[in-house]
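First comes the structure, then the notes that go with it.
Just so it is clear, the structure is predicted and the values come from calculations on it, not from any experiment. All residue numbers refer to positions in the sequence shown, counting from 1.
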Amino acid sequence: MSYSFQSKEGTGMIHTHLEVTDVAGDIFDFCSNMTDEQDARARALIERAAAKWPLRILHVLLDAGAPLRFSRLLERVEGISQKVLTQTLRTLESDGLIIRTLYPEVPPRVEYELTPLGHDLLMQVAALWRWIVGRLDDFDARKAVKLAARI
């Protein structure tokens, strides 16, 4: 669908094109049976998981293949602050994606590891990640076309 607008008399035309992606009608059928509360919870979980650090932290824990102490996580998640790592780990734990194990030693030792739920989430996200990486050139080409159109 295309729209053309002419602002004032004698000025150029503005053309807008609506791009439509044909999505199979039944791909989101599972949503029709959700309550508003379930939908809100699901959206909140997606937002938390897709934030800047959670997937990176889960990926580091997966790569480690064993529980990691806080200090090891802090070293391996480049660019994260101690405060943000603490907050993110608490969120991941409350969502059931990681396990925090406190060892009653002096000084206390704390380790973090993926839960089966966290592992499963990463496996699902890997498909999306792979798709995006495989199409980076397409995204870059689209940006280049948009930039060229502005000039």
Side-chain angles (χ1 to χ4, degrees), residues 1-3 5 14-104 107-151:
M1 180 178 289
S2 295
Y3 299 98
F5 300 98
I14 299 172
H15 301 280
T16 303
H17 303 278
L18 178 63
E19 295 179 20
V20 179
T21 303
D22 186 22
V23 177
D26 60 350
I27 195 168
F28 289 104
D29 274 355
F30 67 92
C31 293
S32 63
N33 296 328
M34 292 173 56
T35 65
D36 288 344
E37 191 264 339
Q38 289 172 324
D39 183 58
R41 285 182 25 232
R43 289 175 187 276
L45 283 164
I46 290 169
E47 286 178 26
R48 284 197 304 274
K52 185 174 183 178
W53 299 110
L55 292 175
R56 180 70 185 129
I57 292 167
L58 294 175
H59 190 230
V60 165
L61 287 169
L62 178 69
D63 277 352
L68 286 179
R69 295 180 73 163
F70 183 89
S71 56
R72 299 288 87 70
L73 272 170
L74 190 59
E75 290 170 357
R76 294 178 187 195
V77 182
E78 197 170 313
I80 195 168
S81 70
Q82 192 171 356
K83 177 183 175 182
V84 172
L85 178 58
T86 299
Q87 292 169 340
T88 307
L89 288 169
R90 285 180 184 157
T91 300
L92 291 170
E93 182 186 14
S94 70
D95 287 339
L97 300 173
I98 63 169
I99 295 171
R100 176 182 184 268
T101 305
L102 173 63
Y103 295 94
R109 178 171 53 111
V110 178
E111 293 181 339
Y112 299 90
E113 63 184 305
L114 280 179
T115 64
L117 189 63
H119 186 272
D120 191 40
L121 173 65
L122 273 180
M123 296 304 101
Q124 300 303 314
V125 169
L128 174 61
W129 213 321
R130 189 176 304 109
W131 181 87
I132 289 172
V133 169
R135 286 164 180 78
L136 285 175
D137 291 341
D138 298 333
F139 287 108
D140 293 343
R142 181 67 181 158
K143 275 187 180 178
V145 167
K146 287 282 199 182
L147 287 173
R150 291 184 193 165
I151 296 175

Apply side-chain hydrogen bond (donor to acceptor under 3.5 Å, both in side chains) to Arg90 and list each qualifying residue two or more places apart in sequence or on a separate chain.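 Listed in chain order: nothing, the list is empty.
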Got a sec, which residues hit side-chain hydrogen bond (donor to acceptor under 3.5 Å, both in side chains) with Glu37, two or more places apart in sequence or on another chain?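 Checked Glu37 against side-chain hydrogen bond (donor to acceptor under 3.5 Å, both in side chains); matches are Arg41.
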Return the [atom1] to [atom2] distance between [X] and [Y], rounded to the nearest 0.5 Å.
{"X": "Glu111", "Y": "Thr101", "atom1": "CD", "atom2": "OG1", "value": "7.0 Å"}
{"X": "Asp95", "Y": "Arg48", "atom1": "CG", "atom2": "CZ", "value": "4.0 Å"}
{"X": "Leu114", "Y": "Ile98", "atom1": "CG", "atom2": "CD1", "value": "8.0 Å"}

Would you tabulate the side-chain donor-acceptor contacts of residues 49-62 under 3.5 Å, counting partners in other chains and residues two or more places apart, or write 'none'?
residue, atom, partner, partner atom, Å
Arg56, NH1, His59, ND1, 3.4

Taking the side chain as everything from C-beta on, heavy atoms only, tell me whether Leu73 gets closer than 4.5 Å to Leu89.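 They are in side-chain contact.
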Which pairs count as salt bridge (charged side-chain N to carboxylate O under 4.0 Å, His left out) when at least one residue sits in residues 68-82, sequence neighbours excluded?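 Residue pairs with at least one partner in residues 68-82: Arg72-Glu75.
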Which residues pass the side chain to side chain contact (heavy atoms under 4.5 Å, CB included) test with [X], sequence neighbours left out?
{"X": "Lys83", "result": "Ser81, Gln87"}
{"X": "Leu102", "result": "Arg100, Pro108, Val110"}
{"X": "Ser94", "result": "none"}

Which atom pairs, one a donor and one an acceptor, fall under 3.5 Å between side chains of residues 117-138 and the rest of the protein, sequence neighbours left out?
residue, atom, partner, partner atom, Å
Arg135, NH1, Trp131, O, 3.4

Taking ring pair (Phe, Tyr, Trp, His ring centres under 6.0 Å) as the cut-off, I'd like each qualifying pair that reaches into residues 79-98, sequence neighbours left out, listed once.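 Every pair satisfying ring pair (Phe, Tyr, Trp, His ring centres under 6.0 Å) with a residue in residues 79-98: there are none.
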Pairs meeting criterion ring pair (Phe, Tyr, Trp, His ring centres under 6.0 Å) with involvement of residues 67-96, two or more places apart: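 Matches after skipping sequence neighbours: none remain.
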Listed by chain and number, what are the salt bridge (Lys or Arg N to Asp or Glu O under 4.0 Å) partners of Glu93, not counting sequence neighbours?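 Applying salt bridge (Lys or Arg N to Asp or Glu O under 4.0 Å) to Glu93 gives none.
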My understanding is that only residues two or more places apart in sequence, or in another chain, count here; which of them pass salt bridge (Lys or Arg N to Asp or Glu O under 4.0 Å) with Arg43?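 Salt bridge (Lys or Arg N to Asp or Glu O under 4.0 Å) check on Arg43 returns Asp39.
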Using a cut-off of 6.0 Å, state whether more than 12 heavy atoms not belonging to Asp36 lie near its atom CG.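 No, because the 6.0 Å sphere around CG of Asp36 holds 12 heavy atoms or fewer from other groups.
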